[in-house]
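Before any comments, here is the structure.
Counting starts at 1 for both ligands and their atoms, in listed order.
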Amino acid sequence: MVRRNDHLFGYSYNHYDDTMRKVASGFSPVIAIDRKSPKPLHRQIYEGFRLAILGRNLHSGQKIPSTRSLALELRVSRIPVLTAYAQLLAEGYFESRTGSGTFVSHALPDKLLAVVRRGAAHTKIGTGTRRVSARCCRLPPFKSVPWMFGWGAFSVGQLAFEEFPFRVWSRIVNRHTRKVRVSALHFSDPMGSEDFREVIAEYLRTARGVNCDARQIMVVSGSQQALEIAARVLLDPGDRVWIEEPGYWLARRVFAISGCRLVPIAVDREGMNVAAGMGHSHKARVAYITPSHQYPLGVTMSAARRLQLLEWAERAGSWIIEDDYDSEYRYDSLPVASLQGLDRNARVIYTGTFSKTLFPSLRIGYVVIPTDLVSRFVAVRHAMDVYPPHLYQAVLADFLREGHFARHVRRTRMIYHQRRDALVDSLRTEFGAQLEVLGVEGGMHLTVTLPKGIPDREITKRAARQNLWLWPLSPCYFGGSPRQGFILGFGSTPAREIPKAVRQIRNLIPLD
Ligand SMILES: Cc1ncc(COP(=O)(O)O)c(C=O)c1O
């Protein structure tokens, strides 16, 4: 583990330092200088640029380095560089703008570029299938489905971003970027910063009933990375993994590329049906579950099922991955404590994220690892991305410690509560008992199921054209007979806009 290097000093950094250049410098192209060549240096530099421009490695408008910095980089005197630049300017390959520097010309003749493109060496990709790993082929090709990245009503995973305390956040970010500890720039602990892990451990023990200390916490880039590391530590190709049916499709992808056999276990009103799992495949190596707020149906796993699952894991020598992704948000009762807190045999790997409480592009989450597995997780993490970046760990540590996180969660819980109520009311008004509404107790989404024969994907595609970004339910199923329905996010839609948006959905669904 890397200890804090307190002997290393800190830097205060002033963005407006007089020594800073006002004009940005361009990248230097690769120019091979051959000092033994009879060709003069200025000609070699001229040709290097000309070829890079004609081969489109340098594009119109791209900044060119100053003659001084290029001369330094090529380890030649400035004279041949000046001569080459003068010629490139004269021939129209370069243009110079007073006060800004030199650029690749905007007025390059297309004719010239076309000639060279035809003659230039092209990368050829054959027509046949080129071999890639079998594991990778287990994933469907990435397709940007319309409902995934849309911005507006019902989008799942979009939050009340406008409520985010940007001022506080930027103050803390500034604090950490203006006063940089030099040690923070160096390689760091694969588990994450000790300071941040201490705060996370305190939060999890207090708010989530997780049984842990900082030595078990690993900081990761979101729960997705937690799953990836856990899969690499715990699973071999061919191992069976219980997954919830329906369930979180991105977790499924991780187990699929690990070469595992996915065993879908039905979710009922008490959560994953553990008895069915044992009947189906007692020897599964891992069970992946979302017990606090099942994704996507929103069920809270019953106490009896939790105990049954823990008992199974102990008897079978298996592991449970608990994905606790949004349990901070419960509206009608107190948050349910974690499954990990009930575990007496250290069989649970607990994962959490700031994607729901703060914002998903932060890409920070955490795993709580049973003590005997910590060194395995560290080894795998170190082989993947070595360690997490420093800046936002430091920012988050302060954000949590200074109480901003707790305040933000409290505030947004009230807002989401109102939005949830508005959505449930509007669904009732528009659909009565024609749609079943599930999972309204917590989180920032709920699920509705459609009567048989109405295809959810078709409707979500049509809805996207009206700026409504509901997600279809059917892709959450792994097995053969998916239920049709929608996942409706309510995190980002103000309560007053919800009735109109639900009315629009009503008009898209062919109900009597
Ligand atoms: C079930 C589930 N787990 C985890 C996450 C969060 O993942 P990440 O931390 O990788 O953003 C989500 C969604 O955002 C989710 O739906």
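- Residue Ser355 touches ligand 1 through its side chain alone, judged by heavy-atom distances below 4.0 Å.
- What you find for Pro370 and Trp319 is that their closest heavy atoms are CG-CZ3, 4.4 Å.
- Atom 3 (N) of ligand 1 has as its closest protein heavy atom Asp323 OD2, 2.6 Å.
- Note: an N/O pair closer than 3.5 Å links Thr353 and ligand 1 by distance alone.
- Considering backbone and side-chain N/O atoms, Tyr288 never comes within less than 3.5 Å of an N/O atom of ligand 1.
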Query - Intermediate values then yes/no, side chain to side chain donor-acceptor pair (under 3.5 Å), Tyr329 and Thr412 - result: CA-CA 9 Å; Tyr329 295 105; Thr412 44; 2.8 Å; yes
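- Contacts with ligand 1 closer than 4.0 Å are made by side-chain heavy atoms of Lys356 only, the backbone lying farther away.
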Report task. Decide side-chain contact (heavy atoms from CB on, under 4.5 Å) for Val299 and Leu438; before the verdict, give the C-alpha distance in whole Å, the side-chain angles of both, and the deciding distance to 0.1 Å. Result -> CA-CA 8 Å; Val299 186; Leu438 302 165; over 6 Å; no
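- When each atom of ligand 1 is checked for a heavy atom of Gly222 under 4.0 Å away, the hits are 9 (O), 10 (O).
- The closest side-chain donor-acceptor pair between Glu328 and Tyr203 falls under 3.5 angstrom.
- Ligand 1 has an N or O atom lying under 3.5 Å from an N or O atom of Arg363, backbone or side chain.
- Closest to atom 6 (C) of ligand 1 among all protein heavy atoms lies Ser223 OG, 3.7 Å.
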Report task. Given side chain to side chain donor-acceptor pair (under 3.5 Å), test Ser426 with Arg503 step by step and report yes or no. Result -> CA-CA 8 Å; Ser426 302; Arg503 227 169 296 131; over 6 Å; no
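- By the 3.5 Å distance cut-off applied to N or O atoms, Gln224 is counted among the residues near ligand 1.
- Protein heavy atom in closest approach to atom 16 (O) of ligand 1: Tyr248 CE1, 3.4 Å.
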Report task. Given salt bridge (charged side-chain N to carboxylate O under 4.0 Å, His left out), test Asp213 with Arg205 step by step and report yes or no. Result -> CA-CA 8 Å; Asp213 68 41; Arg205 283 191 303 259; over 6 Å; no
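- Using cut-offs of 30° and 60° for the angle between ring planes, the Phe164 and Phe359 rings count as perpendicular.
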